[in-house]
**Student:** 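This structure is in structure tokens; I'll ask about it shortly.
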Amino acid sequence: MKTPPLRWFWLILVSVVVVVALESLHLPAALLLGPMAAAIVFAARDKPLVIHRHLFYLAQGVVGSMIARAIPSSVFIEMAKNWPLFAASILSVIVASTFLGWLLTRYQVLPGSTAIWGSSPGAATAMTLMAESYGADVRLVAFMQYLRVVIVAIAATLVARIWAPPPSASAPSSFDIIQPVAWGAFGVTLVLIACCVIASRYLRIPAGPLLLSLAGGIIAQDTHLLNIELPPALLMVSYALIGWSIGLRFNRAILLYVAKALPRLLLSIFSLVAICGGFAFLLVHFAGIDPLTAYLATSPGGADSVAIIASSSNVDISFVMSMQTGRFLLVLITGPALARWMANTMAARQAKQGENS
């Protein structure tokens with residue numbers, strides 16, 4: 001029987017191999033998907049390993065700060081200038097995703113509020129981390145969220161190549177880890193993350209390490225108190241910790257459940273992609289937005305993958321990222337309420353059916 005240190009060695013090695021394979025295919029979130037896939041394989045083979053919860057909390061804090069760094073104050077200015085357009089587009093995507101999540105719950109494809117968290121558009125890592133705090137099955141949420149991220153990224157890449165072939169310059173690589181570091185700003189960033197993580201544990205806020213680091217980072221950055229500094233190596237380790245933490249919770253039973261539900265999950269994901277494509281057409285027709293900008297702005301994938309595709313294409317990047325950021329923030333605010341409402345509604349419905357039977 002292999003000892004835990006040896007298991008860790010093989011888990012890290014397999015994770016690196018999968019990450020390299022995903023990166024060669026130019027798939028987004030490879031640094032998280034690779035470790036998660038490797039951990040799922042280990043969990044399915046009954047090779048138990050445990051990530052200490054304090055490391056998991058710190059990784060959440062790093063991801064929260066990373067998201068905060070990607071939300072400059074100019075995004076809010078852009079949204080304020082065209083708020084009716086942004087509000088209509090963002091709400092349309094959220095309503096569509098909520099309806100599809102309701103259908104998955106209604107026909108018992110996924111249990112409880114899991115379908116709502118899994119269907120939430122964008123913010124895949126944040127939704128996965130928050131789902132656990134609100135009682136959803138984090139394994140199913142993660143599977144659905146990252147399956148959609150991959151599908152949407154592939155679709156967006158194909159659309160980008162059809163409408164506007166990208167320039168020869170390559171997109172930023174996840175492996176570009178040798179970069180100069182502003183050590184002073186990095187030290188302050190670590191202190192901010194540590195304070196937010198500690199505060200979240202005392203306040204017992206659901207997904208607190210992520211949310212407090214996100215809020216604190218936005219405030220510190222937009223008030224010019226801090227330039228958030230996160231070396232790529234730290235982000236790599238944080239993504240790996242989160243991926244392993246999620247993947248190691250899988251088992252054979254949950255994988256069989258996922259395989260059984262996969263056709264209906266794919267139908268839901270492709271339906272959401274098609275609906276968002278329809279919203280993009282409306283932006284082109286009625287608002288005069290160019291097709292590729294409209295498609296990327298309404299795309300229900302992760303904002304990070306959309307940002308990479310947008311940066312290598314001839315689009316209005318400020319419009320795309322403002323739309324993605326606005327939707328991310330609204331989903332972050334409304335997600336818990338929607339999930340609770342859905343869970344309570346379905347529980348009441350099932351109870352009524354039980355009484356009638």
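Quick caveat, the model's predicted, so the values are computed rather than measured.
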**Student:** Are any side-chain N or O atoms of Thr114 and backbone N or O atoms of Leu110, one a donor and one an acceptor, separated by less than 3.5 Å?
**Tutor:**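 A pair under 3.5 Å: no.
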
**Student:** Considering residues at least two apart in sequence or located in another chain, which fulfil the side-chain contact (heavy atoms from CB on, under 4.5 Å) criterion with Ser15?
**Tutor:** Leu11, Pro35, Ala38, Trp244

**Student:** Provide the full list of side-chain hydrogen bond (donor to acceptor under 3.5 Å, both in side chains) pairs with a residue in residues 245-262, sequence neighbours left out, each pair given once.
**Tutor:**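 Applying side-chain hydrogen bond (donor to acceptor under 3.5 Å, both in side chains) to every pair that reaches into residues 245-262, excluding sequence neighbours, yields Glu132-Arg249.
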
**Student:** If Ile, Leu, Val, Met, Phe, Trp and Tyr residues are connected whenever their side-chain heavy atoms lie under 4.5 Å apart, and connections chain through other members, are Tyr57 and Val138 in the same group?
**Tutor:**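 Result: no, two separate clusters.
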
**Student:** Who passes side-chain contact (heavy atoms from CB on, under 4.5 Å) against Leu91, sequence neighbours left out?
**Tutor:** Leu330

**Student:** Test of understanding: with ring pair (Phe, Tyr, Trp, His ring centres under 6.0 Å), list the residues that count as partners of Phe319, not counting sequence neighbours.
**Tutor:**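 Residues passing ring pair (Phe, Tyr, Trp, His ring centres under 6.0 Å) with Phe319: Phe86.
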
**Student:** Who passes side chain to side chain donor-acceptor pair (under 3.5 Å) against Arg264, sequence neighbours left out?
**Tutor:** none

**Student:** Which residue pairs satisfy the salt bridge (charged side-chain N to carboxylate O under 4.0 Å, His left out) criterion with at least one member in residues 275-299, sequence neighbours excluded?
**Tutor:**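 Every candidate salt bridge (charged side-chain N to carboxylate O under 4.0 Å, His left out) pair involving residues 275-299 fails, so no pair, neighbours aside, qualifies.
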
**Student:** Could you list the residues that satisfy ring pair (Phe, Tyr, Trp, His ring centres under 6.0 Å) with His52, not counting sequence neighbours?
**Tutor:**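 For His52, the residues satisfying ring pair (Phe, Tyr, Trp, His ring centres under 6.0 Å) (neighbours in sequence not counted) are His54.
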
**Student:** Sort and list the pairs that fulfil side-chain hydrogen bond (donor to acceptor under 3.5 Å, both in side chains) and have at least one residue in residues 59-71, not counting sequence neighbours.
**Tutor:**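 As it turns out, there is no side-chain hydrogen bond (donor to acceptor under 3.5 Å, both in side chains) pair with a partner in residues 59-71 once direct neighbours are skipped.
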
**Student:** What residues form a side-chain contact (heavy atoms from CB on, under 4.5 Å) with Glu229, not counting sequence neighbours?
**Tutor:**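 Residues passing side-chain contact (heavy atoms from CB on, under 4.5 Å) with Glu229: Val181, Ala182, Ala185, Phe186, Thr189.
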
**Student:** Could you list the residues that satisfy side-chain contact (heavy atoms from CB on, under 4.5 Å) with Ser97, not counting sequence neighbours?
**Tutor:** Pro121, Leu272

**Student:** Using the test ring pair (Phe, Tyr, Trp, His ring centres under 6.0 Å), find all partners of Phe281 that sit at least two apart in sequence or belong to another chain.
**Tutor:**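 Counting only residues at least two positions away or on another chain, Phe281 forms a ring pair (Phe, Tyr, Trp, His ring centres under 6.0 Å) with His285.
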
**Student:** Sort and list the pairs that fulfil salt bridge (charged side-chain N to carboxylate O under 4.0 Å, His left out) and have at least one residue in residues 135-146, not counting sequence neighbours.
**Tutor:**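 Residue pairs with at least one partner in residues 135-146: Asp137-Arg139.
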
**Student:** So Ser119 and Gln145, side-chain contact (heavy atoms from CB on, under 4.5 Å) or not? Walk me through it.
**Tutor:** CA-CA 7 Å; Ser119 299; Gln145 282 284 349; over 6 Å; no

